[in-house]
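We count ligands from 1, going down the list as the structure has it; atoms in each ligand are counted the same way.
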Amino acid sequence: MSIDRPPVDKAALRRKYAEERDKRLRADGNEQYLRIDGKLAHYLNDPYTAVAARPPRTDHVTFAFIGGGFAGLATAARLKEAGVADVRIVEKGGDFGGTWYWNRYPGAQCDTASMVYMPLLEETGHRPSEKYAHGPEILAHCQRIGTQYGLYAQALFHTEVTDLAWDAAQHRWRITTNRGDAFTAQFIGLGTGPLHVPKLPGIAGIDSFTGHSFHTSRWDYDYTGGDRFGAPLTRLADKRVGIIGTGATSVQCVPHLARACRELFVFQRTPSSVDVRANAPIDPEWFADIATAGWQQRWLENFTANQAGGGADVDLVQDGWTELGKRIREKIQMLPKEQRTLENMRAAFEDADFEKMEEIRQRADKIVGDYATAQKLKAWYRQLCKRPCFHDSYLQAFNLPSTRLIDTDGRGVEAITPDGVVVAGVEYRLDCLIFASGFEVGTAYVRRAGFDLIGRGGQRLSEHWAKGMRSLHGIHVHGFPNAFFVQSTQGANLISNVPHNLTDSGRTIAAVVASAIAQGHQEIEVTEAAEDAWVSLLLTSVGRMAGGPDCTPGYYNNEGRDPGPAARLNVGYPEGPKAYFAYIDAWRRTGTFAGLHFR
Ligand code: NDP
């Protein structure tokens, strides 16, 4: 069934999108951002937990996992369930949680439905309180997993790995850290996440600002007042506050700032697309009814089928993500079967996108009272060029007299002075400047991890991946025995629900490791042939349907710069996430784990 929607002028929209993209293209791409160190290093300090003194560890564990976010927690939980008793998580934050440890800004909330976003809900018996849970609940859930699976006793917090090297003679990894630890592990897991290194914009004068400033992932409640549970930011009542950045983070915290500040200046380079959120409490009785054995896996599969293709009779989650998938399918189904070529399907996808984005732009007109401000808040690009945002009080915040949108027409902030921020020659004097400028994505894996892996024969991971990532299933890498990567690329690559990729990999790793231990094997390694075959299969993928060079710059498209041939490998299973999850489940169930060599 098709829904009547007003026609759109596609040619005009394509022109407008290209114009807006061209304004924002810059020669320095990822290099425009500053690495936080030296004079700026204080932006990384942990404002939440004091660093506790502890003696260095020099022992041996069966499994060490680098990163205590969802990847580490889900993998460790599955390992424990599979009988691996000593699992040590090494984490740079002061507790478990990863993203949810660091991002405590007011209004932080998941934007994929809690029922599928929060891992291990069924195992922990936790009922999410809302369709989209807020940060404190998600952090508490991470701690719940840590407690339930006995992960705290072995964990090393406020600890960063400095070196990871394979010791072939002892069949184990040697791990050293910035806290003086030098311990060994038979197996290692890597869940360092794609978005854990905060970045600052390379704006002239950034280190000259004499007011207060911080990055959103290190929120300073001592300065702002209020708390992460949503208490008003009372200490801002007499302050002029600026926020640089209008991505997913800013969309969530601006409403809180707008209510609290004497004056709030939102410095915008590119507007986000902000669709309806429609959050609601989860009814305990409804939840009790649906939470029968296996419920979360059913929900995960249903979300993936609706969102990423594959078809499902019902849509359990029903949100902006599943709607996006359904709209595209609806367009494709309108094509006669014989006309469903790749080209026509791409065109259908574009049509669905134009319509959706028109709706989102009209939403700005409906909500924002000031006409000129509403125009500036409209996003002129395809919805998946940037992380789609959903919020029911962001656009409304611009109706408050204290809030001003300072649009830079794609050019970005010009300069930062000791007193404030300059845009188009005008200085905006500020008491406080907040950087909602995001996290490193397009930089090299080893730069973001903070260490290189030294595998068999002294080979470095950076060398093995010099021409692009190579793996089997995104998990196993030839030359790096007993090491497992927990991330989305070269696996399901399901971007709409990242945790699903991670929890599924945790299951795979636990199955493989438990099998090796049961059979007395010391080493597990993907064969070169299996890795080559997987990479060849990935190269048959038609590539991404969105987020390409036509998009406005952002971290989804390497800031609009040609990422080179290596990026061709940053893809997922050619048949899509649903097919991948089915494939890998069958692979696991065989118990023979084709492609892996056990020694
Ligand atoms: P983003 O990278 O999405 O946003 C950074 C912002 O800073 C952009 O608006 C960018 O503009 C702007 N910026 C950069 N340089 C300048 C400059 N010189 N002048 C003015 N503005 C500038 O970071 P976020 O922290 O918002 O989000 C990162 C990711 O984290 C999200 O995409 C999402 O994946 C995740 N996230 C998820 C949430 C959730 O699930 N609920 C919530 C928050 C984040 P431009 O767009 O032009 O580059």
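Judged by the shortest distance from any of its heavy atoms, Tyr105 lies inside the 4.0 Å radius around the atoms of ligand 1. Heavy atoms of Gly554 come nearer than 4.0 angstrom to ligand 1 in no pair at all. Residue contact annotation: Tyr33 has a non-hydrogen atom under 4.0 Å from ligand 1. Under the 4.0 angstrom criterion for non-hydrogen atoms, Arg411 is not in contact with ligand 1.
By the 3.5 Å distance cut-off applied to N or O atoms, Phe267 is not counted among the residues near ligand 1. The distance criterion of under 3.5 Å between nitrogen or oxygen atoms is not met by Gln32 with respect to ligand 1. Polar contact with ligand 1: present for Arg269 (N/O pair, distance under 3.5 Å). Residue Trp100 has no nitrogen or oxygen atom sitting less than 3.5 Å from a nitrogen or oxygen atom of ligand 1, judged on distance alone. Residue Asp111 has at least one N or O atom closer than 3.5 Å to an N or O atom of ligand 1. Taking only nitrogen or oxygen atoms, main chain and side chain alike, Gly412 does not reach within less than 3.5 Å of ligand 1. Every N/O-N/O distance between Ser250 and ligand 1 stays at or above 3.5 Å.
The side-chain tip of Arg104 does not point at the ring of Tyr221 from less than 6.0 angstrom away and within 45° of straight on. With a 6.0 Å cutoff to the six-membered ring centre and a 45° limit on the axis angle, Arg387 does not count as a cation-pi contact of Tyr555.
Residue-level proximity to ligand 1 for Val251 is absent, since no heavy atom of it falls below 4.0 angstrom. Using a 4.0 Å cut-off between heavy atoms, Gln252 contacts ligand 1 through its side chain alone, with no backbone atom that close. Counting heavy atoms under 4.0 Å from ligand 1, residue Thr216 does not touch it at all. Here Lys386 has side-chain heavy atoms under 4.0 Å from ligand 1, and that is the only part of it that gets that close. At a 4.0 Å heavy-atom cut-off, ligand 1 touches Cys110 through the backbone alone. For Ser272, no heavy-atom contact with ligand 1 is shorter than 4.0 Å. Contact annotation for Pro201 and ligand 1: only side-chain heavy atoms (C-beta onward) come within less than 4.0 Å of the ligand.
Of the protein's non-hydrogen atoms, the one nearest atom 37 (C) of ligand 1 is Ala248 CB, 4.3 Å. For atom 26 (O) of ligand 1, the closest non-hydrogen atom on the protein side is Thr249 N, 2.9 Å. Looking only at protein heavy atoms, the nearest one to atom 7 (O) of ligand 1 is Gly245 CA, 3.3 Å. Nearest protein heavy-atom contact of atom 30 (O) of ligand 1 is Leu195 CD1, 3.9 Å. Scanning all protein heavy atoms for the shortest distance to atom 3 (O) of ligand 1 gives Gly247 CA, 3.9 Å. In this structure, atom 41 (N) of ligand 1 lies nearest to the protein heavy atom Gln109 O, 2.4 Å. The nearest heavy-atom contact from the protein to atom 19 (N) of ligand 1 is Val413 N, 3.0 Å. For atom 23 (O) of ligand 1, the closest heavy atom belonging to the protein is Gly438 CA, 3.1 Å.
Side-chain N/O atoms of Asn493 and Tyr580 include no donor and acceptor closer than 3.5 Å. Between Tyr381 and Thr270, the side chains place no donor N or O within less than 3.5 Å of an acceptor N or O (distance only, hydrogens not considered). Side-chain atoms of Gln109 and His391 include no donor-acceptor pair closer than 3.5 Å. A donor atom on one side chain and an acceptor atom on the other are not found under 3.5 Å apart for Tyr394 and Ser250.
The environment of CD in Glu31 is sparse: at most 12 heavy-atom neighbours from other residues, nucleotides or ligands sit within 6.0 Å. The 12-atom threshold is not exceeded at CZ of Arg429, counting heavy atoms of other residues, nucleotides or ligands nearer than 6.0 Å.
Each of the following atoms of ligand 1 lies closer than 4.0 Å to a heavy atom of Arg387: 32 (O), 33 (C), 34 (O). If you number the atoms of ligand 1 from 1 as listed, the ones under 4.0 Å from a heavy atom of Ile203 come out as 18 (N). Using a 4.0 Å cut-off to heavy atoms of Tyr555, the atoms of ligand 1 that qualify are 29 (C), 31 (C), 32 (O), 33 (C), 34 (O). Below 4.0 Å from some heavy atom of Phe439 lie the following atoms of ligand 1, by number and element: 25 (O). Atoms of ligand 1 lying under 4.0 Å from any heavy atom of Ala436, numbered from 1 in the order shown and given with element: 4 (O), 5 (C), 6 (C), 7 (O). When each atom of ligand 1 is checked for a heavy atom of Thr270 under 4.0 Å away, the hits are 45 (P), 46 (O), 47 (O). For ligand 1, the atoms lying closer than 4.0 Å to a non-hydrogen atom of Ser437 are 5 (C), 7 (O).
Ring planes of Tyr223 and His212: parallel class, angle under 30° (limits at 30 and 60°). Below 30°, between 30° and 60°, or above 60°: for Phe265 and Tyr428 the angle between ring planes is between 30° and 60°, a tilted geometry. Below 30°, between 30° and 60°, or above 60°: for Trp219 and Tyr105 the angle between ring planes is between 30° and 60°, a tilted geometry.
Counting heavy atoms from C-beta outward, Lys376 and Pro271 have side chains that stay 4.5 Å or more apart. You'll find the side chain of Leu121 reaches within 4.5 Å of the side chain of Pro128, heavy atoms only.
You'll find the ring centres of Phe390 and Tyr132 outside the 6.0 Å limit.
In this comparison of Ile244, Thr246, Thr552, Asp407, the heavy atom closest to atom 22 (C) of ligand 1 sits on Ile244.
A salt bridge links Lys356 with Asp275: at least one charged nitrogen is closer than 4.0 Å to a carboxylate oxygen. With respect to the salt-bridge test (charged N to carboxylate O, under 4.0 angstrom), the residues Lys378 and Asp365 qualify.
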**OP:** Might you work through the side-chain contact (heavy atoms from CB on, under 4.5 Å) test for Asn497 and Phe303, ending with a clear yes or no?
**Re:** CA-CA 9 Å; Asn497 189 15; Phe303 177 82; 3.6 Å; yes
Original post:
Checking salt bridge (Lys or Arg N to Asp or Glu O under 4.0 Å) for the pair Glu19/Lys23: CA distance, chi angles, key distance, verdict?
Top reply: CA-CA 6 Å; Glu19 263 168 43; Lys23 266 186 209 172; over 6 Å; no
**OP:** Given side-chain contact (heavy atoms from CB on, under 4.5 Å), test Val116 with Trp321 step by step and report yes or no.
**Re:** CA-CA 12 Å; Val116 290; Trp321 284 111; over 6 Å; no
